[in-house]
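Quick notes on the structure that follows.
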Protein chains: 2
Amino acid sequence: MGSTRDPDRRDRILDAASAVFAEKGFAGARVDDIADRAGVNKAMLYYHVGDKTALYSAVLLRNFERVRVALDEALATGGSARARLEAVITALTRMVQRHPDHPRMMLREIASGATSLEPEVLAAMLEVVGVVRALIAEGTAAGEFRAIDPVLTHLTLVGAVVFLNATAPIRNRAAALGPGFSLPEPTTDIARFIKEMLLDGLAADRKPGGS
Amino acid sequence: MGSTRDPDRRDRILDAASAVFAEKGFAGARVDDIADRAGVNKAMLYYHVGDKTALYSAVLLRNFERVRVALDEALATGGSARARLEAVITALTRMVQRHPDHPRMMLREIASGATSLEPEVLAAMLEVVGVVRALIAEGTAAGEFRAIDPVLTHLTLVGAVVFLNATAPIRNRAAALGPGFSLPEPTTDIARFIKEMLLDGLAADRKPGGS
DNA sequence: GTCTATATACCGATAGAC
DNA sequence: GTCTATCGGTATATAGAC
């Protein structure tokens, strides 16, 4: 794995694989397609990265690592639990927009029941989930948030970020069919919407305009 | 299509196809597998339903029709916009739990950008979306809901219902790896959680415990 | 380490008998 | 309408030359 002369090549392969897996899914992805997009020979891909399954896991592991780093940065801003949760929403929204492949791959994993996720990948996911879950629980303990299930709250939050962003293409296709469904709103507005929508339901005092 | 002697067979085929498409995706689904599960010969499947693509669209159309009927029933209960929206959340949650194949297939469609959705299927989806969107806009106009984007609100709602239910298998797998992630909560609680979480953020007066 | 050529298996779809 | 047998195309993966 680390024996590659060109250190960028593995990243290029993972980038290409991430794009193709996100677009077509594991079964629909073609190894030839990934190799072509990465600009490497298919035999080289097998030599360096391993088979299709190993490639898939490697992509997910790298993508979860990116999310973890982004969340750590968001939490490092400090402040109240609410302020940090808002920073988390901003960071997640930015991640989903900069690297849309990851949520697209995970949507497919959720659809399939994650039956083929390797334990290593599952652990990387749980690490990320645990960070947000702990933040919500901390906010509840501090009286900032209502007493509410932290895991369900976290899933609602992630679901909102993913849905509002990942459905953009389907909404644009729909806009061509009928009026009133377009919504090519500036992407930055999505994070603000989620904060209004979820946090004003979360805040213990429910003060209007609290965001 | 209607020339089949056994009228149940087409439904059996669509049921089997729905399960396999949800589990494996379009590319991962095997026509032999679908035929076997439906208890019909593969050649018969092609003779009656058409090729794999036509089968896929037929499944989605039937599943969206089920959602539409369920939404119509929920809206027929009448009452305030909030009461009807709560009925919609209950109906959607029940649909997702009774027919989990449909949200699983749609999760994959969202992931792929819905590039292969036939216009007929897209129209069926928009009909369902339009109903909820109109209800939210009506509630805002009546002063029951805050002035908020109805499409983004609808997507947040659907995202919550789908995420909280569809991630159950992955959460159960995670529970085996570490403590604190189990959450095999009674499924009926999910609808109540969503009402608390979203509607208390939606309601114009934000009265605590308003649900 | 790199690439060409190919083995091997599988899957969607249909021909054709009944 | 129903079924068996099979075709043709394509995919993952590797053997083997350099």
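Every chain is numbered from 1 and lettered A, B, ... according to where its sequence line falls, protein lines coming before strand lines. Not measured: the values here are computed from a predicted model.
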For the side chain of [X], starting at C-beta, report the closest nucleotide among [options].
X       : options               : answer
B:Tyr46 : D:dT2, D:dA13, C:dA13 : C:dA13
A:Val31 : D:dT12, D:dG1, C:dG12 : D:dT12
A:Arg9  : C:dG12, C:dC3, C:dT2  : C:dT2
A:His48 : D:dT12, C:dT2, C:dA13 : C:dT2
A:Met44 : C:dG1, D:dT12, D:dT4  : C:dG1

Grab the [atom1]-[atom2] distance between [X] and [N] for me, whole Å please.
X       : N      : atom1 : atom2 : answer
B:Ile34 : C:dG12 : CD1   : C1'   : 11 Å
B:Asp32 : C:dA9  : CG    : C1'   : 14 Å
A:Leu45 : C:dT4  : CG    : P     : 15 Å
A:Arg30 : D:dA13 : CZ    : P     : 11 Å
B:Leu55 : C:dC11 : CG    : P     : 16 Å
A:Asp51 : D:dA13 : CG    : C1'   : 9 Å
B:Lys42 : D:dT6  : NZ    : P     : 14 Å
A:Asn41 : C:dT2  : CG    : C1'   : 7 Å

Under 3.5 Å, is there a donor on one side chain and an acceptor on the other for A:Arg10 and A:His48? no
Spell out, as yes or no, whether a donor-acceptor pair under 3.5 Å connects the side chain of A:Arg84 to the backbone of A:Gly79. yes
Would you find a donor on one side and an acceptor on the other, under 3.5 Å apart, between the side chain of B:Arg133 and the backbone of B:Pro150? no
So, applying side-chain contact (heavy atoms from CB on, under 4.5 Å) with A:Arg9, which one of A:Val40, A:Leu45, A:Leu14 is it? A:Val40
Carboxylate-amine/guanidinium proximity below 4.0 Å for A:Arg62 and A:Asp15: yes
Would you mind classifying the nucleic acid contact of A:Ala35 as base, sugar-phosphate or nothing, using non-hydrogen atoms under 4.0 angstrom? nothing
